Structure formats: structure tokens, C-alpha cells
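For clarity, every value in this text was computed on a predicted model and none was experimentally measured.
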Amino acid sequence: MVTGESMFHDEPDASKLALLFLVDHLRARGATWLDCQVMTPHMKAFGAREIARSKFLDMLAEEQERGIRLFD
């Protein structure tokens with residue numbers, strides 16, 4: 001699981017491009033989801049969906065059990 005912050009940037013829409021690169025990076029290492037924390041129209045356009053906290057915690061536990069390395 002990875003969380004991101006998009007409030008800080010030097011160029012307009014830089015966070016959108018960074019998100020695309022992050023998703024590619026995570027997929028290549030076996031990640032299956034990303035916590036976007038806040039539903040926005042932009043994130044919804046990328047396929048984000050809201051889930052119950054209990055589901056989130058279950059998914060988080062499953063990912064932790066997998067033990068994959070996302071960053072070297």
C-alpha cells in the first residue's frame with residue numbers, strides 16, 4: 001500500500017503525471033491498489049472508488065502479508 005500527497009508542485013498538473021508514473025511502478029512490482037485518501041473528480045476519472053474502512057483494513061492486512069517490495 002502506498003499513499004500520496006499532491007498538494008505540492010512546481011508545475012501545473014505535475015501531480016497527475018507523477019501519479020501515472022507511480023501506478024506503473026507499483027504495477028510492475030505486483031501492487032494491486034493505491035490509497036488515494038480523498039475522492040476527487042480526477043481520481044474518480046482514474047477509476048478510484050470509495051470503500052468501507054473495514055474493507056480497507058482487510059485489504060491492508062492482505063497486502064502486508066504478501067510482503068512485496070515496492071521500493072529498493
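- Distance check, rounded to the nearest 0.5 Å: CE of Met59 to OG of Ser54 gives 11.5 Å.
- Cluster partners of Leu17, using a side-chain heavy-atom cutoff of under 4.5 Å among ILVMFWY residues and allowing indirect links, are Phe21.
- Looking at residues two or more places apart in sequence or on another chain, you find a side chain to side chain contact (heavy atoms under 4.5 Å, CB included) between Leu57 and Arg53.
- Of the inter-residue distances, the one linking Trp33 atom CH2 with Leu26 atom CG reads 11.0 Å to the nearest 0.5 angstrom.
- In terms of the side chain to side chain contact (heavy atoms under 4.5 Å, CB included) criterion, residue partners of Lys16 (sequence neighbours excluded) are, by chain and number, Asp13, His42.
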(message) Checking Leu20 against Phe46 for the side chain to side chain contact (heavy atoms under 4.5 Å, CB included) test, could you report, in this order, the C-alpha distance in whole Å, the side-chain angles of both residues, the deciding distance, and whether it holds?
(response) CA-CA 10 Å; Leu20 292 176; Phe46 276 111; 3.3 Å; yes

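- The environment of Arg66 atom CZ is dense: over 12 non-hydrogen atoms of other residues, nucleotides or ligands sit within 6.0 angstrom.
- The shortest side-chain heavy-atom distance between Leu34 and Leu19 falls under the 4.5 Å cut-off.
- Counting only residues at least two apart or in different chains, side-chain hydrogen bond (donor to acceptor under 3.5 Å, both in side chains) contacts with residues 20-32 comprise His25-Arg29, Thr32-Glu63.
- Not counting sequence neighbours, the partners of Met39 by the side chain to side chain contact (heavy atoms under 4.5 Å, CB included) test are Lys44, Ala48, Glu50.
- Across every non-hydrogen atom of Leu70 and Ala31, the tightest pair is CD2-CB, 4.0 Å.
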